Visitor: 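Have a look at this one.
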Amino acid sequence: MEFCLETEAVNGSKNDLNFNPMKDYMVLSRPQQVAIAVLCTLLSLLSALENLTVLYLILSSLRLRRKPSYLFIGSLAIADFLASVIFACNFINFHVFHSVDSKAIFLLKIGSVTLTFTASVGSLLLTAIDRYLCLRYPPTYKALLTRGRALATLGIMWVLSALVSYLPLMGWTCCPSPCSQLIPLVPDNYLLGWLLLVAILFSGIIYTYGHVLWKAYQHAVNLAEHQDRQLPGMIRMRLDVRLAKTLGLLLAVLVICWFPVLALLAHSLVAPLSDQVKKVFAFCSLLCLVNSMVDPVIYALRSREIRSSAHHSLARWKDYLRGRGPEGKEEAPKSSVTETEADMKIT
């Protein structure tokens, strides 16, 4: 509320779109600003490069573009790429250069950052559901999740993410409601609602991957009991064990990268924060960029089909540079441990 009164006193009116620098949120010292600028720039460049590479490899392969699993991975790469660019630019402008925009522009930037991270978590949930459906209903998976249904689901997810993210721009701001101590012009009640939404999304991710991990554990037990005999389904059991390792890494990354930020946001709703805590939040926010940088490694670059597409693309570029033009057909790689349909192809 004090922020609202200060803004009103400076501008002369609550409806004035221009406001003074928000010094209560710009708490970093000069050395900390330099560290933030360097870390944010490096992480954003690496994340953007990785996600652009994944998008190129998926879009350049007709086979991958037709598979729902890779549509979800492509959506995740788009969200993480946008998060890398939008978050890094706005974060550095605000904390390092102390850039101050009009109220509408500032809320547009906040909404865009929220959209990218919300869509990223939403894409993670859809990827988890995709794998859950494959393991739960393997015979009917292809008929159950078609390319058209996958695209429709992605469209709904992005529209809902945009609607939720731009609510502050559409009028749900603080003044007279209490303002967030960590995010300017964002009310505490909106922040609480967004945290509940993210908690629901993460609960869905943990539940679905927990089901996959439990099934992989059961297969690992069977594998240990019959390690000297090649029983039907033994290959699939080994696949699930490898998948369990991937999913365990995935859940660990989610907890490490998201829990500090979400915990500090939740803490800001119930207790006053010192400048030291706000500084910790600024550095913890960089973990979201780390998550966007690690996602393509876990979901895409570990995939044998993605790597095969990369090898084929490199071969095409070599032929092009040698003046022979792109020749040859795209090879049909083996199933990947990160590809959902792998469980269906093994009998």
Side-chain angles (χ1 to χ4, degrees), residues 47-84 116 119-138 140-158 161 204-205 208-209 212 236 239-240 242-243 245-247 249-250 253-254 291-316 329-346:
S47 176
L49 181 61
E50 289 179 4
N51 286 287
L52 276 179
T53 302
V54 171
L55 282 174
Y56 171 77
L57 294 177
I58 293 176
L59 294 177
S60 64
S61 172
L62 180 62
R63 182 184 64 257
L64 298 185
R65 292 200 307 268
R66 291 176 176 175
K67 294 186 176 182
S69 300
Y70 288 101
L71 293 178
F72 296 137
I73 293 177
S75 173
L76 177 63
I78 292 174
D80 285 338
F81 169 75
L82 293 176
S84 303
T116 56
S120 177
V121 178
S123 298
L124 289 175
L125 177 60
L126 292 180
T127 304
I129 294 175
D130 169 57
R131 297 176 182 181
Y132 174 84
L133 291 176
C134 177
L135 291 177
R136 188 67 182 270
Y137 310 103
T140 59
Y141 167 76
K142 283 190 175 181
L144 185 64
L145 187 61
T146 62
R147 184 175 185 271
R149 291 178 180 176
L151 289 174
T153 305
L154 286 172
I156 294 173
M157 184 273 295
W158 276 91
S161 298
I205 294 172
T208 50
Y209 279 140
V212 175
R236 180 177 174 178
L239 177 67
D240 284 342
R242 296 175 64 188
L243 180 62
K245 295 179 181 179
T246 299
L247 299 184
L249 174 63
L250 181 151
V253 169
L254 283 179
N291 183 77
S292 297
M293 183 180 66
V294 175
D295 278 344
V297 177
I298 296 177
Y299 284 92
L301 300 182
R302 288 168 60 94
S303 165
R304 198 172 301 169
E305 284 199 331
I306 290 287
R307 293 199 302 269
S308 175
S309 178
H311 294 158
H312 185 73
S313 297
L314 288 175
R316 288 204 312 265
K329 297 182 179 180
E330 191 173 354
E331 62 173 321
K334 299 178 182 179
S335 296
S336 166
V337 296
T338 61
E339 181 191 355
T340 307
E341 294 174 319
D343 286 311
M344 299 171 47
K345 295 178 180 178
I346 299 175

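Keep in mind that this is a model prediction, so the values were computed, not measured.
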Visitor: Evaluate the side chain to side chain contact (heavy atoms under 4.5 Å, CB included) criterion for residues Leu124 and Leu254: first the C-alpha distance (whole Å), next the side-chain angles of each, then the deciding distance (0.1 Å), finally the verdict.
Guide: CA-CA 10 Å; Leu124 289 175; Leu254 283 179; 3.6 Å; yes
Visitor: On a heavy-atom basis, which atom in Arg149 and which in Leu144 lie closest, and how many Å separate them?
Guide: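 Looks like NH1-O, 2.8 Å.
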Visitor: Would you confirm whether Thr146, through its side chain, and Ala143, through its main-chain N or O, come within 3.5 Å as a donor-acceptor pair?
Guide: no
Visitor: Roughly how far, to the nearest 0.5 Å, is the OG atom of Ser69 from the CG atom of Leu133?
Guide: 10.0 Å
Visitor: Quick one, Val121 with Ile205, criterion side chain to side chain contact (heavy atoms under 4.5 Å, CB included). Give me CA distance, side-chain angles, the key distance, then yes/no.
Guide: CA-CA 9 Å; Val121 178; Ile205 294 172; 4.2 Å; yes
Visitor: Tell me, do Thr127 and Tyr209 make a side-chain contact under 4.5 Å, heavy atoms counted?
Guide: yes
Visitor: Spell out, as yes or no, whether a donor-acceptor pair under 3.5 Å connects the side chain of Ser61 to the backbone of Leu57.
Guide: no
Visitor: Less than 4.5 Å apart, any side-chain heavy atom of Leu126 and any of Ser75?
Guide: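 A side-chain contact is absent here, since even the closest heavy-atom pair is not under 4.5 Å.
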Visitor: Which pair of non-hydrogen atoms, one from Thr208 and one from Ala128, has the smallest distance, and what is that distance?
Guide: OG1-CB, 3.1 Å
Visitor: To the closest 0.5 Å, what do you measure between OG1 (Thr140) and CG (Leu145)?
Guide: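 One finds 10.5 Å between OG1 of Thr140 and CG of Leu145.
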Visitor: For the atom pair CZ (Arg65) and CZ (Arg63), what is the distance rounded to the nearest 0.5 Å?
Guide: 11.0 Å
Visitor: With no hydrogens and no angle check, is any side-chain donor or acceptor of Arg66 less than 3.5 Å from a backbone partner on Arg147?
Guide: no
Visitor: When you measure from the side chain of Ser120 to the backbone N and O of Thr116, does any donor-acceptor pair fall under 3.5 Å?
Guide: no
Visitor: Nearest 0.5 Å, what's the OG-CE distance between Ser84 and Met293?
Guide: 9.5 Å
Visitor: Going from CD1 on Ile129 to CZ on Phe72, what distance comes out if it is rounded to the nearest 0.5 angstrom?
Guide: 8.0 Å
Visitor: At what distance, to the nearest 0.5 angstrom, does CD1 of Ile58 lie from OG1 of Thr53?
Guide: 11.0 Å
Visitor: For the side chain of Asn51 and the backbone of Ser292, is there at least one donor-acceptor N/O pair under 3.5 Å apart?
Guide: yes
Visitor: Run Tyr70 and Ile73 through side chain to side chain contact (heavy atoms under 4.5 Å, CB included) and show every step you take.
Guide: CA-CA 5 Å; Tyr70 288 101; Ile73 293 177; 4.0 Å; yes
